[in-house]
2 protein chains.
Amino acid sequence: MAEFLIRKLEHFTSLSSEDKLALDQAARQRTRRIRSRDDIVHEGDMPQGVNLILDGWACRYKTLEDGRRQIIAYLLPGDLCDQTVSVLREMDHSIGTVTAVTLAEIPTETMRQLTAGQARLSQALAWESLVTAAIQREWTVNIGQRTAFERLGHLLCELFVRLRAVGLTQGTTCDLPLTQAEIADTIGLSVVHVNRTLQELRSVGLISLRGRELTIHRLEALQRAVQFNPNYLHLGREGRHLDSNEA
Amino acid sequence: MAEFLIRKLEHFTSLSSEDKLALDQAARQRTRRIRSRDDIVHEGDMPQGVNLILDGWACRYKTLEDGRRQIIAYLLPGDLCDQTVSVLREMDHSIGTVTAVTLAEIPTETMRQLTAGQARLSQALAWESLVTAAIQREWTVNIGQRTAFERLGHLLCELFVRLRAVGLTQGTTCDLPLTQAEIADTIGLSVVHVNRTLQELRSVGLISLRGRELTIHRLEALQRAVQFNPNYLHLGREGRHLDSNEA
DNA sequence: CATCAAGCTTAACTTTTGTTATGACAAAAA
DNA sequence: TTTTTGTCATAACAAAAGTTAAGCTTGATG
């Protein structure tokens, strides 16, 4: 049930079988299925317990009064949303699905038990939330400093590496269920410019993208071209391995 | 000692005198003074205990290989950096000062005691770190979706409201120790364009900025003009008050 | 006080990115 | 099947933002 989360956490530390069992049972208590392009949480809602993405893609987003929308984060299988958010009075952003999503609602109390118990597991969960924050910071850098080409390439690298960390890539290929409009709202570009930039990435032979299938032909080359440094994902050995591939 | 932090936390909840004493003593244990435009923490360093800004401005930033720099966050008096970051192996970004800074280094163990003890205080500290994350998300929206005019105005609103929350504004005025180059690196614009945009904000009579003194003549008007909605700062009553001013 | 350096301001010009529009295509709905 | 709708692709043009360069202020320093 919590296989993706477990796989992700094990990049940070190895978990005991009790740890894994506890996670798995927490994920089993209450699951929910939401259809594609639907909202899970609305801005203004009272925060509930923690959601764990079991399957599918979701995103955090914020909408301005005039309709402009910014996608703030992607939530992939194994991602936890809002570990401690129940402290706040209301949500300041929404969470919506990209594809159909299965999620586990983990009650606050269960979460407390998990983080209060084994040091290993609670450290691993702290690590997950620190990595989430690090990703958010990197997005600020990405949108603030990089060119359109770099921004898009960087996003694709990140998504690919994160998916690979939970075993959701096949060789150099992964599923990419985003429309160009969604990509545009993610990296702060217009749809037309995203299209132009995708053509550019294709024409230099770094990627293929057809339908929902993304192939990154030479990941190391793409990383270099867009200055993607995976250290902010703190993937331990795998992160280091990627670094050395770069040289 | 921890007066600014206490004032900030009291926007969320009222603290007992034991809570305040505990914070004050934690802030007294080891303080450090760093001069202006100097680094506090370098990317690649091993994370240490928690730093509390007692006085002055600092910022988180990341530098790309070719020298481009993005300021990721501002750390103002009363701000805590990296409450739980010691879980990570190394820092993925740097922290530098803007002005001369006095900070308190709170050992991990002291921090653990503060968050493990009184529910009130530990909730307040959780709130502080959730607000930090919310600010980071809002910056993604700001840089991703807003025009230069809105971006700059939004930044000024945020800094003003955050300073006001710790009592560091005088009427419609506050200290703004940033150079235009630093502002540029914050909102992803060139220095020249920041200058142009500042002129625009001045010419429509929304702000004055001379030397280090920023005056926001009509905060509500500026908020409306740049779509600044302070709800993401979760300042409780003060936040709501601002909302109603908008109408 | 004079000198210097950093930061600010402005202009002219270039590049990047956004906008509008249109057609092709493909998947979903009637 | 036909129709509709959403997505992708491309072009032509417009607007926003970047670059380079120069002169100006101001505050620090000798």
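Each chain gets a letter, A, B and so on, in the order its sequence line appears, and its residues count up from 1.
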It should be established whether B:Q199 places a side-chain nitrogen or oxygen under 4.0 Å from OP1 or OP2 of nucleotide C:dC8.
no
What's the angle between the local helix axes at either end of the helix from C:dC1-D:dG30 to C:dA30-D:dT1, using five pairs per end and rounding to 10 degrees?
40°
Checking side-chain polar atoms at under 3.5 Å, does [X] have a donor or acceptor matched by the opposite partner on [Y]?
X: B:Q136; Y: A:Q136; result: no
X: B:R196; Y: B:H193; result: yes
X: A:Q227; Y: B:D66; result: yes
X: B:E200; Y: B:T197; result: no
X: B:T172; Y: B:H217; result: no

My understanding is that only residues two or more places apart in sequence, or in another chain, count here; which of them pass side-chain hydrogen bond (donor to acceptor under 3.5 Å, both in side chains) with A:E105?
A:R30, A:R32
With B:R146, which residues qualify under salt bridge (Lys or Arg N to Asp or Glu O under 4.0 Å), at least two apart?
B:E138
Please, which pairs that meet salt bridge (Lys or Arg N to Asp or Glu O under 4.0 Å) have at least one residue in [range], sequence neighbours excluded?
range: residues 38-52 of chain B; result: B:R35-B:D38
range: residues 182-195 of chain B; result: B:R37-B:E182, B:R69-B:D185
range: residues 202-214 of chain A; result: A:D175-A:R212

Gap between atoms [atom1] and [atom2], on [X] and [N] respectively (whole Å):
X: B:N195; N: C:dC8; atom1: CG; atom2: P; value: 8 Å
X: A:R196; N: C:dT19; atom1: CZ; atom2: P; value: 11 Å
X: A:H193; N: C:dT16; atom1: NE2; atom2: C1'; value: 6 Å
X: B:L209; N: C:dC8; atom1: CG; atom2: P; value: 8 Å

Identify the 5'-most and 3'-most nucleotides of DNA chain D with at least one atom closer than 4.0 Å to a non-hydrogen atom of chain B.
D:dA17 to D:dT26
Summarise how protein sits on nucleotides 21-30 of chain C as a single string, 5' to 3': B when a protein heavy atom is under 4.0 Å from the base, S for sugar-phosphate-only contact, - for no contact.
----------
Work out which heavy atom in A:F149 is nearest to a heavy atom in A:V226; give both atom names and the distance.
O-CG1, 3.9 Å
Got a salt bridge between A:E65 and B:R224, using NZ or NE/NH1/NH2 to carboxylate O under 4.0 Å?
no
Regarding A:R202, tell me which of base, sugar-phosphate or nothing describes its non-hydrogen contacts under 4.0 Å with the strands shown.
sugar-phosphate
Within residues 139-154 of chain A, those residues having any heavy atom closer than 4.0 Å to DNA chain C are A:A148
Mind checking side chain to side chain contact (heavy atoms under 4.5 Å, CB included) for A:V101 and listing every partner two or more places apart, or none if nothing turns up?
A:I53, A:A58, A:T97, A:T99, A:L103
Close side-chain approach of A:L219 to A:C157, heavy-atom, < 4.5 Å
yes
Any heavy-atom pair between the side chains of A:V166 and A:L5 that's under 4.5 Å?
no
Using heavy atoms and a sub-4.0 Å distance, could you list which residues of residues 181-191 of chain B are near DNA chain D? By number, please.
B:G188, B:L189, B:S190
Residue pairs meeting side-chain hydrogen bond (donor to acceptor under 3.5 Å, both in side chains), one or both in residues 71-83 of chain A, sequence neighbours left out, come to A:K8-A:D79, A:R60-A:D82, A:Y74-A:T186, A:D79-A:R162
